[in-house]
Amino acid sequence: MGSRGPRSKPGGWGGPPHSRRVRRRRTARVTARPPQPPGFERGPADRRIIKSTLRIAGPVMAENLMASAVGMINTAMVGVLGRGASATVGVNSAPAWVLNSIPMGLCVGSTVMVARSIGAGDREKANNTANQTVGGIFLLALAVSITMFFISSYIPGLINADPLIWDDAAAYLRVLSLAIVPNFLGFACSGMLRGAGNTKTPMFAGLLTNIVTVSLNFMLIYESLEFNILGTGFVLPRAGLGIQGAAVSTAIAQTLFGLFMLSCVFGRNQKIRCSPRKIFLFSWDTLRPVLKVGLPAMGERLTISMGQMMYASTVNSLGETATSAHHIAVQVESIGFMPANALSVTATTLVGQSLGAKEKEDARKYANTTMVCAIIVGTLCFFAFFFAAVPLIGLFINDGDVIGTGASALRVMAPVQPFFCMLIVINGILRGGGDTHFALYAGLAGMWGIRLGAAYAAVNLLGWGLAGAWAGMGADILVRFTIMFIRYRRKKWLNINEI
């Protein structure tokens, strides 16, 4: 039998005991690996983590970047009408943030619960969550739509807009209020599909929405176009509605977006499926965890959005030029926070699914991976915003005063971009773990404790103009980042198993 000797027992070889110890030591030396940084061990598991992150983040990032690009195109198309039109759209940005914060915040709860249910393999629970979310959001959106339609004429004055644009701003907001119901439902359905791991359908819906918006803008904003081909004159009939044309195109696009997303969740080809007969059959056992996660998230978004509305009042007090520059600079800055938002959605989905499947190590790795991506995005934005501020603002308007004012504000915020991107992703990680209360406290501390006071002092006491207001914004983000990063490092979000 050779030198190995006879088998002494199943699965082993006989021989001197010391020879077996030598073999074990040699095996240990061969298989031992040097320690790796936490969350980034080499091997197939890492490739799986990275592939899953990119699979979810890729479509969301593409969708957000398209939305950001269309927002920029809209800004440029309105900017052709002059700084007054640009200021009108800018004034309505803050009320729009407040409105959108309601479905975006509240539906965090349904997104997290769908993700956890899918991760745990409980399809019925995911469907129940989807049904009751659609029914609840419909009733809420209907009430908000009616309210906004009747109070829209008072809002421009409340946020200190220039009296010259009050009528246009109120009419713009009144048109948008007509699309609140489908828009809210579209947000809700998109969030739940992402929670189930489907980010391609919302991306496709976003692409269609963007195409519709730009096409309708071209036809509704401007006067009829006359052109000549081979000596023959032609006229392209257009509505010439000006700023109100932009409102109508946005409302139509939002309505189509909502209807498309509803058709998806009521169809048969998704991991979640709604039934028209069940959307108003509310159950407290289903709604309780959704509201437990969603209400603090909505509170955080409303806290930030209401603060932005007050902050916009400070900016608007600087006049039409500052309002226009601020709106354009925010559009440019969205180049950075749109990818960060995509990473945040990815973190919520993958952390939620991992914790639903009781895989805490995977949840931790997904969190670390999205954080590294956020640092990379934020660093790239820092260089772009600091060194190319003037040409970036100049893409949207041909007004030297607006360009100079917007560029100075953008440079002030450039160093804060890495922290801003990480803050957005940390919010997504904590939401995936069901830890949404802390973001509300951080929002109160940063927005209401820092930004509003600092911006008011910089503008009204120090006379620093729009750049001073943006310095207050930067201080707010740094405070919120510090609070949320400490919470993230304590890893309580990994231990919230039941919601």
Side-chain angles (χ1 to χ4, degrees), residues 64-97 156 159-162 164-165 168-169 172-173 210 213-214 217 221-222 242-243 245-247 249-250 308-309 311-339 341 381-382 384-414 416-417 420 455 459 464-474 477:
N64 285 348
L65 286 174
M66 284 188 296
S68 178
V70 169
M72 294 178 183
I73 293 170
N74 287 343
T75 301
M77 294 177 81
V78 172
V80 172
L81 302 175
R83 70 173 70 174
S86 182
T88 300
V89 176
V91 161
N92 281 310
S93 295
W97 290 332
I159 57 178
N160 208 21
D162 189 327
L164 294 176
I165 63 172
D168 284 342
Y172 188 96
L173 192 58
N210 295 336
T213 303
V214 173
N217 272 349
I221 292 177
Y222 308 115
I243 189 64
S249 65
T250 301
Q308 286 174 330
M309 204 164 176
Y311 175 77
S313 177
T314 300
V315 171
N316 294 337
S317 68
L318 293 169
E320 194 177 79
T321 297
T323 300
S324 179
H326 172 72
H327 175 62
I328 293 172
V330 168
Q331 291 296 322
V332 173
E333 195 190 21
S334 69
I335 295 172
F337 65 70
M338 285 298 181
N341 280 334
C381 289
F382 160 68
F385 297 164
F386 191 84
F387 294 105
V390 170
L392 285 172
I393 299 293
L395 290 173
F396 303 98
I397 196 166
N398 185 22
D399 186 311
D401 292 338
V402 173
I403 292 173
T405 303
S408 64
L410 202 58
R411 289 196 184 100
V412 167
M413 275 294 292
V416 185
Q417 293 304 308
F420 189 23
V459 170
W464 289 353
L466 185 62
W470 276 55
M473 185 196 307
I477 290 171

Give a yes or no answer on whether the side chain of [X] reaches the backbone of [Y] with a donor-acceptor pair at less than 3.5 Å.
X      : Y      : result
Thr405 : Val402 : no
Gln417 : Met413 : yes
Ser324 : Glu320 : no

Which value, rounded to the nearest 0.5 Å, describes the distance between [X] atom [atom1] and [Y] atom [atom2]?
X      : Y      : atom1 : atom2 : answer
Thr321 : Leu466 : OG1   : CG    : 10.5 Å
Met473 : Gln308 : CE    : CD    : 7.5 Å
Trp470 : Arg411 : CH2   : CZ    : 13.0 Å

Minimum heavy-atom distance between [X] and [Y], given as atom pair plus value:
X      : Y      : result
Ile221 : Ala246 : CG1-N, 3.7 Å
Val315 : Ala469 : CG2-CB, 4.2 Å
Gly406 : Ala325 : N-CB, 3.6 Å
Ile393 : Ala329 : CD1-CA, 3.8 Å
Leu392 : Ala384 : CD1-O, 3.8 Å

**OP:** Please list, chain by chain and in numerical order, all residues satisfying ring-ring contact (aromatic ring centres under 6.0 Å, His included) with Tyr172, sequence neighbours excluded.
**Re:**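 For Tyr172, no residue satisfies ring-ring contact (aromatic ring centres under 6.0 Å, His included) once neighbours in sequence are set aside.
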